[in-house]
Amino acid sequence: MSLTVAGVLAVVILAVVAVAGGGLLTTLVFRQVDRGDHVAPTDEADSVEAAQQVLRGGAWIGALERTAIYASIVAGWPEGIAVVLAVKSLARYPELQAGKKSAAAERFIIGTFVSTLFACACAGLAVWFRRSL
């Protein structure tokens, strides 16, 4: 299979969309979750957005997660998704276990799902473009 300039460009553009767009989408989902939960002013510490303090570095970890998942799929190694999610889960386990608030666990699960699904969708498009061009 020969790579065309258009195919390479599509893969690169979709990689940028997966990493940058996934972060924006995840933030929007977090805001929607908080809005939908009708968080009372006294309960703001329990909001998914406030849980960011427990799970510091989440934006960077999410970007790296989307990059690794995208690269795994585009490279034809979907098993890489399991590796990425296992490493992330094991690394975050102590923080999630120590936290008394369920908002941190919710933030972790919601963020991981949104991030992973978006990266998979972008990678799927990249593979499709690469094969069709």
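Start at 1 with the first residue, then count along the sequence.
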* To do: With rounding to the nearest 0.5 Å, note down the distance linking CZ in R107 to OG1 in T26.
  => 9.0 Å
* Give a yes or no answer on whether the side chain of R66 reaches the backbone of G21 with a donor-acceptor pair at less than 3.5 Å. => no
* Structure fact -> Minimal heavy-atom distance between P94 and A91, with the atoms involved, is CD-O, 3.6 Å
* Asked: Quick one: does W77's side chain get under 4.5 Å of V83's, heavy atoms only?
  -> yes
* Asked: Mind checking whether L85 and I61 sit in one hydrophobic cluster, side chains of I, L, V, M, F, W, Y counted as touching below 4.5 Å?
  -> no
* **Option from V11, I73, L117, V17 for which side-chain contact (heavy atoms from CB on, under 4.5 Å) with C122 holds** => V17
* Shortest non-hydrogen contact between S115 and G62, atoms and distance -> OG-O, 3.7 Å
* To do: Indicate, with yes or no, if V127 and I69 share a hydrophobic cluster defined by side-chain heavy-atom contacts under 4.5 Å among Ile, Leu, Val, Met, Phe, Trp and Tyr.
  => yes
* For the atom pair OG1 (T116) and NZ (K88), what is the distance rounded to the nearest 0.5 Å? -> 6.5 Å
* Co-membership, hydrophobic cluster, residues Y93 and F108, 4.5 Å side-chain -> no
* Structure fact -> When V19, V16, I81, L14 are each screened for side-chain contact (heavy atoms from CB on, under 4.5 Å) with Y70, the one that passes is L14
* To do: Supply the atom-to-atom distance F129 CZ to L9 CG, rounded to the nearest 0.5 angstrom.
  => 10.5 Å
* Heavy-atom side-chain contact between F30 and V114 under 4.5 Å -> no
* **Shared hydrophobic cluster, V33 / L28 (ILVMFWY, side-chain heavy atoms < 4.5 Å)** => no
